[in-house]
Amino acid sequence: MSAMNVLTLFLFNIVVYNIPLLYGTVGEIITEKTGSLNLGVEGTMAVGAIFGYLAGCYTNSLLVGLLVSFLAAGACGLLFAVLTVSLQANQNVTGLTITTFGTGLYFFVGKGLGSDWPGMQGSSALVNGFAPLEIPVLSRIPVVGKVLFSQNVLVYLGIVIAVAAWFYLSRTRVGLRVRAIGENPAAADSVGVNLLLYKYVHLVLGAGIMGLGGFYMALNMGGSFEGSNCWINGYGWIAIALVIFANWNTVYAILGTLVFGFFNTLQIYSGSLANAFPGPLGWLSAIPSQLYQALPFIITAIVLVASSVRSKKLGGQPAALGLNYFREDR
Amino acid sequence: MNNRQPLFRVVKKNQVDGRKVILSYLIAVAVALVLGAALLALMKVNPLDFYSKMITLGIPGNRYPARSVEGFIRLFVPLLLVSVALSLSFRMRFWNVGGEGQFIVGAICAAAAAFLLGDVLPTPLVLLAMVVSAALGGGLMGTIASALKVRYGTSETLMTLMLNYIALYLLRFFGETQGAWNIFLTDDSARPRFETFPDSAQMPTIEIGSFSLDVSLLVVVVLCVLVYIYLKYTKHGYEIAVVGDSPNTARYAGMKVGRVVMRTVFISAALVGLAGGFYVSSAGALSTSVTNNVGWTGVIVAWMAKLSPVGIAVTSVLITVLQYGCQVASTTYPNIDSNFANLLQGMILFAVLTADFTARYSLVWRGANKEVSA
């Protein structure tokens, strides 16, 4: 493979492999903007992934797969909402339990199907739906065309959702109310915002978007269920870190996905990149791959500390993040 | 505009009846188990058969029952200690979800002590060095988060979460990188593999017939009793209670809240690290999956038990039965694996959280006489 091809493939895969992070992050940002810290991203994505994939296979439809993954993951969000909003349960504990429960359910369904597991090759709609969609003209630009304009349709969908979420949260009246709830629920309550409705809708919406990311991962893994590792494989946790890195802004999340994705993919490609460009990039292979994997978390920790040192509060972090609101406690 | 009363509203109960709480918890667990049974039946597995194998840990009909009990204890010891340790942080509303990372660092430190001193010092001193370094390592991990929280208000939930993964990849780095400097790997394997500890670094056991009792169980039980006494009968324990209840009250009473938080989180994280040290010493080697998710499960156990040391002891036994029992029972059924324990554990906690709400709050319907709140 020529050196240029390696570089193109590397850049292409940064996008392909890491878009699920964007879905997870956008979902978590919508969740956190209402003041709820849902640590169940990993489990929510797993539930969305397996049910979306199975539904997509059985009906041979990409759209049904997307819809079911959204609904299944949304059900996890609903569960989180019922427990933390209505039943005043602790958010950290509930979120962690959703992760435990979700991955448990994932393996239960997958193992339970055993040899009845449907292969992705049997579903032409999923295979074709996940194939690269070449945008006319633009996709023929060298390198950039391949990297940015011949991706599968779910990549574009993820970016559209991220931009739409940004517009919704920061440019609409409803989005303003959402942010108000996250900053000061008592104040929002006193001016008549329907807290219950807002919280429920956005916790379900956020979780549903995470589920789409799970569905993406299922397709990206070719739908093969191995039984030892979950498809989501820690992406849910990276998404939680990415929310901080993106400063609770869904457009920055696109950028953040590429930065985290860069390290994530470098871990696989450092060897071949070092071979292709022995002069300038030869040192890449000398760095242990675990450092690349740890870097997203190290960077996030530094961002977290730096911004709290500077202002005692992160810019985009909702002030009431992680706190339950009970009207009579005021 | 609209001055109709809502259909019902939620009111905090003034007093909580302890017996009712326990009853509602039992109902919750039963509901979750029934749901689990329905799922098992869906997979064409006889639920009664599965549950009975799970609860008895597969001991009846097992040729080596002692091995089952030893396996149970190996899972139980870290879970108990980690849950008790985390509850110390939670009592002050310090959300230490860094159990995984603190456990890993404790394990790495203990292993380092084992390899560096194992062939030099006699067994008791080696074990002592391992225990001390594990506690210091874990405690230091906790202190990073608590110092930042106290000094700059950095979110401890997010910080400890990040540290978990940094610790995990550090462990993987040690486990996957060969080199003369790497004392953790064995020399006689072409592929990177963790070295077994020298004999002097292995946790001693007491042989009772064919059963060998891991000494760490006794140590951990003693530690838990000490934590109970610490919380209930010492000045420090009182300070933790006041800070947890209201940091402002504590401040007005002249307590140095920051210092109490730092001290307690250090103890909490050090105990988690200690659990990591005990675990590797019992297992006799490091592994990249050394935590077995105990840092996460510990959070759930501590919360389910409402942070009471006695409750944690009972809950850890139950959760370990669930996990080890599922492991054993799932070997009989090809289409169920040990992850069923996670599913069941999740459902139990969801049910318990619901039960907890009914114990703490009550619903007042529209038109009912208004309660006079005290």
Side-chain angles (χ1 to χ4, degrees), chain A residues 37 39 43 79 82-84 86-90 92-94 96-108 110-114 227 234 237-238 240-241 243-244 288-298 300-301 304-305 307-310 312-314 317 321-322 326-329, chain B residues 9-12 39 42-44 90 95 97 144 148-149 151-155 157-159 161-166 168-174 176-177 293 296-297 299-300 302-304 330 334-347 349-350 353-354 356-358 360-361 373:
Chain A
L37 179 61
L39 294 183
L79 191 62
V82 170
L83 288 168
T84 60
S86 294
L87 301 185
Q88 300 286 325
N90 180 277
N92 296 322
V93 176
T94 311
L96 287 181
T97 312
I98 286 193
T99 288
T100 309
F101 169 80
T103 44
L105 188 60
Y106 166 91
F107 284 111
F108 180 74
K111 274 276 155 83
L113 281 174
W237 295 110
I238 304 180
I240 292 175
V243 171
I244 304 160
S289 69
Q290 295 84 6
L291 183 63
Y292 296 129
Q293 290 174 287
L295 265 173
F297 298 105
I298 296 173
T300 305
L304 198 59
V305 174
S307 40
S308 56
V309 168
R310 209 174 48 221
K312 290 219 157 201
K313 179 182 165 314
L314 284 173
Q317 178 175 355
L321 185 63
F326 185 59
R327 195 179 262 177
E328 298 191 3
D329 272 348
Chain B
R9 60 199 175 85
V10 179
V11 180
K12 248 185 195 160
L39 286 174
L42 206 67
M43 291 291 173
K44 301 192 177 61
F90 295 164
W95 294 108
V97 291
I144 296 175
L148 288 167
K149 164 88 174 179
R151 182 77 179 77
Y152 301 113
T154 313
S155 161
T157 317
L158 299 173
M159 194 65 204
L161 207 57
M162 297 308 126
L163 289 173
N164 281 345
Y165 286 90
I166 296 172
L168 176 66
Y169 289 116
L170 184 70
L171 175 64
R172 292 225 181 127
F173 170 67
F174 286 138
E176 292 163 2
T177 318
N293 285 334
W296 304 125
T297 316
V299 175
I300 292 175
W303 200 254
M304 239 198 275
S330 64
N335 57 347
I336 304 285
D337 76 347
S338 58
N339 277 292
F340 183 67
N342 290 333
L343 185 62
L344 213 51
Q345 198 177 300
M347 291 195 296
L349 193 84
F350 293 144
L353 289 174
T354 311
D356 196 42
F357 172 79
T358 59
R360 283 188 300 144
Y361 297 87
S373 55

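Throughout, protein chains are lettered first and strands after them, A, B, ... in sequence-line order, and every chain is numbered starting at 1. Below, each value reflects all heavy atoms present in this structure, side chains not excepted, and no hydrogens, waters or symmetry copies.
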Fill in the blank from the handout: Residues at least two apart in sequence or cross-chain that pass side-chain hydrogen bond (donor to acceptor under 3.5 Å, both in side chains) with B:D356, listed by chain then number, are B:Y25, B:K306, B:R360
Practice task
Look up atom CZ in A:F107 and atom OG in B:S338, then write down how far apart they are to the nearest 0.5 Å.
Solution key: 9.0 Å
Fill in the blank from the handout: Assert top hit (heavy-atom pairs under 4.5 Å, partner chain B, pool A:L113, A:L87, A:V93) equals A:L87
Handout entry: Atom pair OG1 (A:T99) and CH2 (B:W296), whose distance is rounded to the nearest 0.5 Å
Key = 8.0 Å
Fill in the blank from the handout: Honestly, the part of A:I98 sitting under 4.5 Å from a heavy atom of chain B is both
Practice task
Tell me, for B:T354 versus chain A, whether the close heavy atoms (under 4.5 Å) come from the side chain, the backbone, both or neither.
Solution key: both
Practice task
Assign the ring pair B:Y361 / A:F326 to parallel, tilted or perpendicular, where the plane angle (0 to 90°) is split at 30° and 60°.
Solution key: perpendicular
Completion exercise
Cut-off 4.5 Å, heavy atoms of chain A, and the answer for B:L163 is neither
Problem - Structural part of A:L37 lying under 4.5 Å from a heavy atom of chain B - result: side chain
Practice task
Rounded to the nearest 0.5 Å, what's the gap from CD1 on B:I144 to CD1 on B:I166? Could you check?
Solution key: 8.5 Å
Completion exercise
Applying a strict 4.5 Å limit to non-hydrogen atoms, the region of A:I238 in contact with chain B is neither
Exercise for the section: Look only at the side chain of A:T97 and the backbone of B:I300, and say whether a donor-acceptor pair between them is shorter than 3.5 Å. Expected result: no
Practice task
Sort out for me which of A:A241, A:A89, A:G112 touches chain B most, counting heavy-atom pairs under 4.5 Å.
Solution key: A:G112
Problem - Heavy-atom proximity to chain A below 4.5 Å, by part of B:M43 - result: side chain
Practice task
Determine the option with the most heavy-atom pairs under 4.5 angstrom with chain A, choosing from B:I336, B:D337, B:L170.
Solution key: B:D337
Fill in the blank from the handout: Minimal heavy-atom distance between A:T103 and A:T100, with the atoms involved, is OG1-O, 3.2 Å
Problem - Residue B:M347 versus chain A: region with a heavy atom under 4.5 Å - result: both
Practice task
Measure up the A:W237 and B:Y165 rings against each other and bin them: parallel (under 30°), tilted (30 to 60°), perpendicular (over 60°).
Solution key: tilted
Handout entry: Contact origin within A:L83 toward chain B - heavy atom pairs under 4.5 Å
Key = side chain
Practice task
Give the C-alpha distance, both sets of side-chain angles, the deciding distance and a yes or no for side-chain contact (heavy atoms from CB on, under 4.5 Å) between B:L353 and B:W303.
Solution key: CA-CA 9 Å; B:L353 289 174; B:W303 200 254; 4.0 Å; yes
Handout entry: Results of side-chain hydrogen bond (donor to acceptor under 3.5 Å, both in side chains) for A:N90 - residues two or more places apart only
Key = none
Exercise for the section: Pick whichever of B:L168, B:T177, B:L42, B:T157 has the most heavy-atom pairs under 4.5 Å with chain A. Expected result: B:T157
Problem - Among A:L39, A:I240, A:L96, residue most engaged with chain B (heavy-atom pairs, under 4.5 Å) - result: A:L96
Handout entry: Residue part contacting chain B, namely of A:S86, when any heavy atom lies under 4.5 Å
Key = backbone
Problem - Best-contacting candidate, B:F90, B:Y169, B:F173, against chain A by heavy atom pairs under 4.5 angstrom - result: B:Y169
